[in-house]
Amino acid sequence: MHTEQLETVVLNQPCDAKVFKNPPSPELCVYNRPVRDIIKQKLDAITASKWETDQENAFFVGDLGEVYRQHLRWQALLPRIQPFFAVKSNPDPMVVKLLASLGLGFDCASKSEIQQVLDVCGDPTRIIYANPCKQASFIRYAAQQNVAKMTFDNAEELHKIKMLYPNAELVLRILTDDSKSLCQLGLKFGAPLDTVEHLLQTAKDLELNVIGVSFHVGSGCLDEHAFSDAVLRARRVFDQGQAMGFNFTLLDVGGGFPGADIQDGITFEKVAAVLGPAVDQLFPPEVRVIAEPGRYFVSSAFTICTHVIGRRTVQTEVDENASYMYYVNDGMYGSFNCILFDHQVVQPKVLRKGDTYMYGEKVESPEFTCSVWGPTCDSIDCLTNASRLPLLEEGDWMYWENMGAYTICAASQFNGFKKSDVVYTNTYC
Ligand SMILES: Cc1ncc(COP(=O)(O)O)c(C=O)c1O
């Protein structure tokens, strides 16, 4: 897609009824300006409406251009593998709409994710229902909507599917080595290889249609070789299937692709350099290869801005230097739940100190040790306990980058704090 098309068709017509049956909000608009300018504009607007309720609420900037850049990067480095965006990582309506318009598929985990995607792209063949243990009524819904591709990893699920959707196109999710991943999904899902024969035999006895194999190396995978190892395991299962009379045509290499290139040296380039050749060596071109990347597309595209709502000075007898506790207005029970659930390490930067706007600027003033806390009354609500920041006052702002994955989607409203809104921009110009 050309830039112009991207801007007009995808980004600047968010309420286009042809694309959206249920537009997210009639007021939604997408700017075409740098993230720095959008935040500044938003902060200036807040100051202008000084006495309005909720004026200093935390907010996200979602950069749809960054999502698009990730799409281009994927196409360049893994052209054979079709991404099915894992909606669970960030079901933001604009992100889903953008990726739908770029022709991506979607990995859905539930009925409402399927509904959301069907509303936007209308094509059930672009969905894989990649949850190995599904609620019966959701399988019925998938059957009504012709969402045929779905994963399984146990015999009970096969019996359920036989009753509810006998023509489903089944994908056997196998267990892989996820010991190098931050979120080890193998604790919950994935058929060990020594159970594969029994599962395939059960599928055969039930006359079910198994079309391929999937795996997930774990979310936040830190070792690119986990992917090649998993591809090798999938090959073995393909061979087993063939020996039992199945004709597998689909390999699904799951998620686990790094989002922002900041974690322990792992990069998308490294994963692609290992995964692409492994797939080509072991699977002939007629096998369709898909993936379920989540954080890869959204992590770096979202920045959250939080307001300093309070400060406490901490004096100790042993150290004459004071340290500080800052309280901000989104936290662990909100968008920062990623610290708890997704093992993310977050880092605050100064956004506005007094009247000085500091996005992207080097801090010159002296720094002090500090911890940063969310707004609830719970002491688990600690975002970072050993940062260095210049002295901030109540009313100043911080920003936190790479906050697009597993953040807003799992936020609660505990203690009555609302979820942070998103302002959109497109920096791909
Ligand atoms: C089945 C499945 N696919 C894909 C993903 C997305 O993983 P990631 O965001 O690490 O790419 C997940 C994450 O939990 C998952 O459970």
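Counting starts at 1 for both ligands and their atoms, following the listed order.
- A side chain to side chain contact (heavy atoms under 4.5 Å, CB included) with Ile127 holds for exactly one of Leu118, Asn146, Val87; it is Leu118.
- Proximity of Gly254 to ligand 1 is not established, as no heavy-atom distance is less than 4.0 Å.
- A salt bridge links Glu157 to Lys134: at least one charged side-chain nitrogen sits closer than 4.0 Å to a carboxylate oxygen.
- Within the listing of ligand 1, atoms 1 (C) sit less than 4.0 angstrom from a heavy atom of Arg173.
- Of the possible polar contacts, one joining the Thr176 side chain to the His216 backbone as a donor-acceptor pair under 3.5 Å is found.
- Ligand 1 places these atoms under 4.0 Å from at least one heavy atom of Gly256: 7 (O), 8 (P), 10 (O), 11 (O).
- Ion pairing of Asp63 with Arg69 is present here, as a side-chain N (NZ or NE/NH1/NH2) and a carboxylate O approach within less than 4.0 Å.
- Every atom of ligand 1 with a heavy atom of Ala86 under 4.0 Å away is listed here by number and element: 4 (C), 5 (C), 6 (C).
- For Arg295 and Asp342, the salt-bridge test passes: some basic side-chain N is under 4.0 Å from an acidic carboxylate O.
- Residue-ligand proximity, Ala130 to ligand 1, at heavy-atom distances under 4.0 Å covers atoms 1 (C).
- Considering backbone and side-chain atoms together, Leu185 places no N or O closer than 3.5 Å to any N or O of ligand 1.
- Shortest contact from atom 7 (O) of ligand 1 to any protein heavy atom: His216 NE2, 3.1 Å.
- Looking from atom 3 (N) of ligand 1 to the surrounding protein, the closest heavy atom is Glu292 OE1, 2.6 Å.
- Here the CD1 atom belonging to Ile290 is positioned 8.0 Å from the OG atom belonging to Ser214, to the nearest 0.5 angstrom.
- The residue Lys188 has no part lying near ligand 1, judged by heavy-atom distances below 4.0 Å.
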(request) Starting from the C-alpha separation in whole Å, work towards a yes-or-no answer on side chain to side chain donor-acceptor pair (under 3.5 Å) for Ser300 and Glu66. (result) CA-CA 7 Å; Ser300 54; Glu66 175 64 8; 2.7 Å; yes

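- Of the protein's non-hydrogen atoms, the one nearest atom 15 (C) of ligand 1 is Lys88 NZ, 3.3 Å.
- Of the polar atoms of Pro293, none of the N or O atoms is found under 3.5 Å from an N or O of ligand 1, judged by distance alone.
- Here's the thing with Arg295: one of its N/O atoms is less than 3.5 angstrom from an N/O atom of ligand 1.
- At under 3.5 Å, a nitrogen or oxygen of Asp107, whether backbone or side chain, sits near a nitrogen or oxygen of ligand 1.
- Ring centroid separation for the pair Phe238 and Phe248 comes in under the 6.0 Å cut-off.
- The backbone and the side chain of Ser219 each have at least one atom closer than 4.0 Å to an atom of ligand 1 (non-hydrogen atoms only).
- Taking 4.0 Å as the cut-off between side-chain N and carboxylate O, Lys88 and Asp107 count as a salt-bridged pair.
- Residue contacts with ligand 1, taken as heavy atom pairs separated by less than 4.0 Å, involve Tyr406 solely via side-chain atoms from C-beta onward.
- Environment of NZ in Lys204: crowded, with over 12 heavy atoms of neighbouring residues, nucleotides or ligands closer than 6.0 Å.
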